[in-house]
**Q** 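This structure is in structure tokens; I'll ask about it shortly.
Below, chain A is the first sequence line, B the second, and so on; all start at residue 1.
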Amino acid sequence: MSSIFLKKFQIMRGAKQIFGFTKALHYGMRRVLFARMNVGCKRYDFREIEPFWQKFWEEHGTFCVRDDNSKEKYYALDMFPYPSGSGLHIGHPEGYTASDILARHRRANGFNVLHPMGWDAFGLPAEQHAIATGIAPAINSAQNIEVFRKQIKSIGFAIDWSREINTTDPHYYKWTQWIFLQLLKHGLAYVDERPVWWCDGLKSVLANEEVISGRSERGNFPVQRRNLRQWILRITEYADKLLDGLDGIDWPDSTKRQQIAWIGKSNGANIRFKVDGHDDEIAVYTTRPDTLFGATYLAVAPEHPLLEKIVAKGFAADVSKYIEESKRKSDMERTDLAKVKTGVPTGTCVINPANGRRIEVWVADYVLFGYGSGAIMAVPAHDERDYEFAQRHGIPIIRVIDDSVGNSILPYSGEGTLINSGEFNGLFSADARTRITEMLAKKRMGEAAQNYRLRDWIFSRQRYWGEPIPIVWVSAADYGAAIANEKFHMGEFLPDVPVCYEENGVTQCALPLRSEHLPLVLPNTSNYLPSDGGESPLAHIASWVNVHINVETGEIVPSENFNGADGHWISGRRETNTMPQWAGSCWYHLRYMSPNCETQLVDPSSAEYWKSPDFYIGGAEHAVLHLLYARFWHRFLFDIGAIKTGKEPFRKLFHQGIILGEDGTKMSKSRGNVINPDEIIARYGADALRLYEMFLGPLDMMKPWNMRGIEGVFRFLKKVWSEFIDGDGNCRTFAPCPSAECQKIANETIKKVGDDIEALKFNTAISQLMICVNTMQKAGGFCKNFAESFLKILAPFAPHIAEELWSRLGNKSSIVDAGWPTYDASKVVSRSRRIAIQVNGKVRAECSMDDGNMSEDDIFKLALENANVARHIAEKAIIKKIYANGKVINFVTE
RNA sequence: GCUCGAGUGGUGAAAUUGGUAAACACGCCAGACUUAGGAUCUGGUGCCUAGCGGCUUGAGGGUUCGAGUCCCUCCCCGAGCACCA
């Protein structure tokens, strides 16, 4: 290090100390004497600028928003994060920045903007962490939230932090529990002991949706079937409403398609086949009643309840062996498409109601018990699976549909003209479906029917870290006596039909808590492991589980403290299952509107004002589950009148694309390609991070991170800085008189940036900002009028630098309240236009035409004067001349 | 297997939806300034060709005066569904 350098370095350090001192002085005296208006740094020192303005916004409540009927509202919602222990991921700010740009743009355009943030903090990882470390999930979760909040705040979003919500806060989950009780009251919640996915690795039950090809979605552990009592929500009741609601909403097509596929509505018929020699009938569901005459066997799932009863004597052994084998198979084995289709005959026949023909009943595990009636009519000629099975087992194949081109290859699963179908011969498939269904209805052997792939939602989890389900189980005898009591006080959420289950020969009935019992707070424990029976860790807490209830007063006391004995008191056990993580995220969009309302889940006047989010952004991984469940609850709340403003919660939805690592693969710790937002902010600042994430490419595309790319936007910010601030740290003075060229680029930029923001094309908006600065720089700097306008349109993208420069220009209030500049459309059009001249479709020259005053002939004449054009036309005759308005002319020769 | 979405320079990507392909940025090359800088500024940069010129949007066809954009057939990548009768 040279001595001169050393000296400078020392001086700089000294200056910094003095500055630090004066800074402290400023802070100390702010309230009394004056507020420091801006950072005032010489160079683009984002490390000073960004915290300063973040503090400014916080202290001035810049983004706190109130219901204000004098202004139009705009509600921008992010999918709230699960605050994981690894901190904010670089993907989080992508969506948040997008919604923030929209929020700030709308605000500048006079909207009253709500842009909130919160935490989806219940969930498995905190519980796993607790099992591993013994640290309570509540503590761990609070710490993670602390980190997330700090990280998100460091990016400078226009978030109203006074509305922050947390799904694990009893004030919040009080209403999650309340919604559950409403579902119960309206007959949409029930319990059932049924096979569910049990994951030994997670020690928990998983929903169908959380199991991916035989393994848990989270953790990738193997799963198996197990019978457990579960709470189940009747989402199937809403299948049609959920389907219909997709019509009017602005969502990505792929997401709508996924939901439609998930609901999986099909039209067809239920057909009953009489069992030969029995009184029983086997019902099947088919979408192709037109192929009924081609049914050559009937196949039932191994779980089918009639199987045991109808199997013929000599076949019973093979059938029960087959049933045992399929029980042992994992679902993965059973649903493996590559495997051969197995099955055994039952020796029993059924009668085809169409033609009276006897066809054999088989048991085959390619028939799923969970769909339709667990039995199918098999038409090998017109179904690939049945064809494969029939070929393998030597079952006859009868063709009943001719396709239009006379193709004879089977199986043919398309439509066509009926043959071998008696009176229905000659009909086309669609007609035949109607007619055959009518015929069956007349014979009372079937009727038209719809089916759905959607199953009811298994809503309980055998976990600690979730919302407690506010139910007490009491014996049927106590329940019956209690509701017969004239003074019965527990009826607030009582369903018309009691929810019951059998346990050790005793019927238990669900007694819902009352509103005043909510929130039912999650009790503390130190044992987070489930019981051996697969019950939740809550089952260990006897003092919490066992209660006595006074059915006349609603008073509930722990049984260990109960010493009375009069007849109004009954004993019960609290439900120990908790709700799944989806519960809290089903309605949070409503809570932000009035986060502190104690008396209702959302204050009606706030709900009336904010209605529903105008923009909702989050990952495509939630295309089905969260977005379907949230729609279900929202619809339900609408139906019971709890909310009055719209059936659909999210009218405009967008999915941001995943940001990949620099190597083009998904970021992961194991690959070592994780980018930490904190490090980016430390090195380039939050504005550069925001700008870069938006500049990377189209918002909805998957795109790789590139460390060098961020240098580019950082350079841009420095360039902007030096256009406003000279080498001494003083604000430049701007020339008042702009050239036509400057006016053009200024107006173009205002127009394009505004348009691109609304179209979510942030990458091209930023590119326009860059073009604009480059042009201004070459023209000798910003002109006076446009300098301020430029900062206003930069502000949504890079709010900190925009505030600092805005203040340095002498403005006294935040740029957030400075509005959005207007543009002069007439200035955007340039006086002379350049037109491409093509010969036979290839560009050969370019000419410029002044104004719009030239006639077509003049333009052609001008074009032909061009030497290169003339050369390419040569002696050939021009057979056609094309003039595309103001863009291109084309001479066609031959 | 089915259903979508995509494929454009060395790289991330633009392209007013049928009208001058490659804007903007990265990288690279050359230069200026610089006794220092996590610098900055200027010019160049699709490919082939010494040049004239020719060729270029995964491949091949087609429609059109004109195709990255529309149609057909493939190839490859990504996502979702996956025996749903």
Side-chain angles (χ1 to χ4, degrees), chain A residues 1-2 4-5 8-9 43 213 252-255 257-258 261-262 264-266 268 284-288 291 299 334-339 341 364-368 370-379 382-386 388-389 413 451-455 620-621 623-624 657-658 664 683-684 692 695-698 700-716 718-719 722 752 755 761 763-771 774 777-778 834-846 879-894:
Chain A
M1 204 186 283
S2 78
I4 296 165
F5 176 75
K8 276 193 175 172
F9 182 63
R43 289 197 287 171
S213 54
D253 279 345
S254 63
T255 306
R257 265 198 305 275
Q258 280 183 60
W262 194 263
K265 182 175 185 173
S266 69
V284 305
Y285 171 74
T286 179
T287 55
R288 294 297 299 271
T291 64
R334 267 188 71 169
T335 58
D336 184 4
L337 271 168
K339 71 147 191 146
K341 292 196 176 8
D365 68 3
Y366 79 93
V367 180
L368 305 176
Y371 183 77
S373 58
I376 59 162
M377 65 175 217
V379 186
H382 304 292
D383 182 283
E384 265 180 59
R385 299 150 301 182
D386 300 346
E388 194 191 320
F389 191 86
S413 56
N451 232 314
Y452 300 87
R453 296 178 57 189
L454 184 70
R455 316 289 164 83
E621 68 273 20
V624 178
I658 295 167
R683 214 161 130 197
Y684 301 100
Y692 182 58
F695 188 59
L696 213 46
D700 55 348
M701 289 232 311
M702 197 183 255
K703 47 214 173 247
W705 182 269
N706 181 343
M707 256 325 173
R708 280 188 171 138
I710 198 168
E711 299 271 2
V713 295
F714 185 57
R715 233 171 263 173
F716 164 72
K718 285 190 286 192
K719 203 184 280 188
S722 63
K752 181 157 174 63
D755 291 352
K761 290 160 78 175
N763 53 334
T764 51
I766 293 166
S767 130
Q768 181 65 33
L769 290 168
M770 288 172 169
I771 293 168
N774 292 346
Q777 195 178 41
K778 276 179 190 145
R834 276 153 59 213
I835 293 191
I837 308 164
Q838 300 179 338
V839 178
N840 293 323
K842 294 213 157 61
V843 180
R844 297 301 175 186
E846 204 175 65
I879 57 168
K880 202 166 184 180
K881 292 187 278 191
I882 311 281
Y883 173 63
N885 187 31
K887 285 167 184 165
V888 98
I889 40 184
N890 190 9
F891 295 107
V892 185
T893 68
E894 186 53 312

**Q** Which nucleotide, in any strand shown, forms a Watson-Crick or G-U wobble pair with U42(B), with both distances under 3.5 Å?
**A** A30(B)

**Q** Over all strands shown, is S722(A) touching base, sugar-phosphate only, or nothing at heavy-atom distances under 4.0 angstrom?
**A** nothing

**Q** Base, sugar-phosphate, or nothing for E621(A), non-hydrogen atoms under 4.0 angstrom?
**A** nothing

**Q** So which nucleotide does C81(B) pair with, by the Watson-Crick or G-U wobble rule with both distances under 3.5 Å?
**A** G1(B)

**Q** In whole angstroms, how far is the C1' atom of G12(B) from the OH atom of Y692(A)?
**A** 6 Å

**Q** Expressed in whole Å, how much space separates the P atoms belonging to C81(B) and G7(B)?
**A** 24 Å

**Q** Which heavy atom of N763(A) sits nearest to which heavy atom of G697(A), and what is that distance?
**A** ND2-C, 3.6 Å

**Q** Name the orientation of the base relative to the sugar in U17(B): syn if the glycosidic angle is within 90° of 0, else anti.
**A** syn

**Q** So what does K265(A) touch, heavy atoms closer than 4.0 Å: a base, only the sugar-phosphate, or nothing?
**A** nothing

**Q** Under the side chain to side chain contact (heavy atoms under 4.5 Å, CB included) rule, what do M770(A) and V713(A) come out as? Steps first, then yes or no, please.
**A** CA-CA 9 Å; M770(A) 288 172 169; V713(A) 295; 3.9 Å; yes

**Q** Determine the minimum heavy-atom distance between G268(A) and Y285(A), stating which atoms define it.
**A** N-OH, 3.4 Å

**Q** Distance check: side-chain N/O of Y366(A) vs OP1/OP2 of A85(B), anything under 4.0 Å?
**A** no

**Q** What contact category does R453(A) fall into here, base, sugar-phosphate, or nothing, at under 4.0 angstrom with non-hydrogen atoms?
**A** base

**Q** Return the value, rounded to whole Å, for the distance between atom CE of M770(A) and atom C1' of C26(B).
**A** 10 Å

**Q** Is the phosphate of G78(B) approached by K703(A) (side-chain N or O, under 4.0 Å from OP1 or OP2)?
**A** no

**Q** Write down the distance separating the C1' atoms in A67(B) and U56(B), rounded off to the nearest Å.
**A** 14 Å

**Q** Measure from CD1 on I889(A) to C1' on C65(B) and round the result to the nearest Å.
**A** 13 Å

**Q** Nearest nucleotide by nearest heavy atom, which residue falls closer to the 5' end of RNA chain B, K752(A) or A836(A)?
**A** K752(A)

**Q** To the side chain of Y684(A), which of G78(B), C83(B), G38(B) is closest?
**A** G38(B)

**Q** Check F714(A), W705(A), Y684(A) against Y692(A) for a ring pair (Phe, Tyr, Trp, His ring centres under 6.0 Å) and give me the one that passes.
**A** W705(A)

**Q** Which part of the nucleic acid, if any, lies within reach of I771(A) when heavy atoms closer than 4.0 Å are counted: base, sugar-phosphate only, or nothing?
**A** sugar-phosphate

**Q** Give a yes/no answer on whether the side chain of R844(A) brings an N or O atom under 4.0 Å of OP1 or OP2 in G54(B).
**A** yes

**Q** At under 4.0 Å, does any side-chain N or O of S266(A) touch on OP1 or OP2 of A85(B)?
**A** yes

**Q** Can you give me the closest heavy-atom contact between A623(A) and Q258(A), atom names plus distance?
**A** CB-OE1, 3.7 Å

**Q** Among G12(B), A14(B), C41(B), find the nucleotide with the atom closest to the side chain of T764(A).
**A** A14(B)

**Q** Search all heavy atoms of P704(A) against all heavy atoms of L696(A) and return the closest pair with its distance.
**A** O-CD1, 3.7 Å

**Q** Determine the Euclidean distance between corresponding P atoms of U57(B) and G10(B); express it in Å to zero decimal places.
**A** 13 Å

**Q** Counting side-chain heavy atoms from CB outward, which of A13(B), U20(B), A85(B) is closest to T287(A)?
**A** A85(B)

**Q** Taking the side chain of Q258(A) as its heavy atoms from C-beta onward, which of G19(B), A85(B), G80(B) lies nearest to it?
**A** G80(B)

**Q** When we call it a touch if two heavy atoms are under 4.0 Å apart, what does N774(A) touch: a base, just sugar-phosphate, or nothing?
**A** sugar-phosphate

**Q** Indicate whether OP1 or OP2 belonging to C65(B) is found under 4.0 Å from a side-chain N or O atom of N840(A).
**A** no

**Q** How far does the C1' atom of G46(B) sit from the matching atom of G9(B), given to the nearest Å?
**A** 5 Å

**Q** Looking at the side chain of R715(A), which of C24(B), G38(B), C26(B) is the nearest nucleotide?
**A** C26(B)

**Q** If the C1' atom of U49(B) is compared with that of G12(B), how far apart are they to the nearest Å?
**A** 30 Å

**Q** Using the P atoms only, state how far C29(B) lies from A50(B), rounded to an integer number of Å.
**A** 23 Å

**Q** What's the CZ-P distance between R43(A) and U40(B), to the nearest Å?
**A** 11 Å

**Q** Which listed nucleotide (U20(B), C55(B), A14(B)) is nearest to the side chain of K842(A)?
**A** C55(B)

**Q** For E384(A) and D386(A), what are the C-alpha separation, side-chain angles and deciding distance, and is it a side chain to side chain contact (heavy atoms under 4.5 Å, CB included)?
**A** CA-CA 6 Å; E384(A) 265 180 59; D386(A) 300 346; over 6 Å; no

**Q** Who is the Watson-Crick or G-U wobble partner of G37(B), with both distances under 3.5 Å?
**A** none

**Q** Select base, sugar-phosphate, or nothing to describe what Y452(A) touches, counting heavy atoms under 4.0 Å on all strands.
**A** nothing

**Q** For the base of C65(B), is there a side-chain donor-acceptor partner from K881(A) under 3.5 Å away?
**A** no

**Q** Between Y883(A) and I835(A), which heavy-atom pair has the shortest distance, and what is it?
**A** CE1-CD1, 4.1 Å

**Q** The side chain of R683(A) is closest to which nucleotide in this list: G12(B), G38(B), C41(B)?
**A** G38(B)

**Q** Nearest to the side chain of V367(A) - A21(B), G66(B), A85(B)?
**A** A85(B)

**Q** What does D386(A) touch in the nucleic acid at a heavy-atom separation under 4.0 angstrom: a base, only the sugar-phosphate, or nothing?
**A** nothing

**Q** Closest approach of G372(A) and N451(A), non-hydrogen atoms and distance?
**A** CA-ND2, 3.5 Å

**Q** Please measure how far the P atom in U8(B) lies from the corresponding atom in U3(B), and state the result in whole Å.
**A** 24 Å

**Q** Between U73(B) and C83(B), how far apart are the two P atoms, rounded to whole Å?
**A** 27 Å

**Q** Between V713(A) and K778(A), which has a closest nucleotide on RNA chain B that is more 5'?
**A** V713(A)

**Q** Just checking V892(A): base, sugar-phosphate only, or nothing, at a heavy-atom cut-off of under 4.0 Å?
**A** sugar-phosphate

**Q** Nearest to the N890(A) side chain among A13(B), G19(B), C81(B), which nucleotide is it?
**A** G19(B)

**Q** Does G46(B) fall in syn (glycosidic angle within 90° of 0) or anti?
**A** anti

**Q** From G54(B), A39(B), G27(B), pick the nucleotide closest to the side chain of K718(A)?
**A** A39(B)

**Q** Look through every strand shown and name the nucleotide pairing with A25(B) as Watson-Crick or G-U wobble, where both distances are under 3.5 Å.
**A** U11(B)

**Q** Between U64(B) atom C1' and I879(A) atom CD1, what is the distance in whole Å?
**A** 13 Å

**Q** Show your working on side chain to side chain contact (heavy atoms under 4.5 Å, CB included) between I376(A) and D383(A) and close with a plain yes or no.
**A** CA-CA 12 Å; I376(A) 59 162; D383(A) 182 283; over 6 Å; no

**Q** Find the partner of U73(B): check Watson-Crick (N1-N3 plus N6-O4 or O6-N4) and G-U wobble (N1-O2, O6-N3) distances, both under 3.5 Å, and reply none if neither fits.
**A** A59(B)

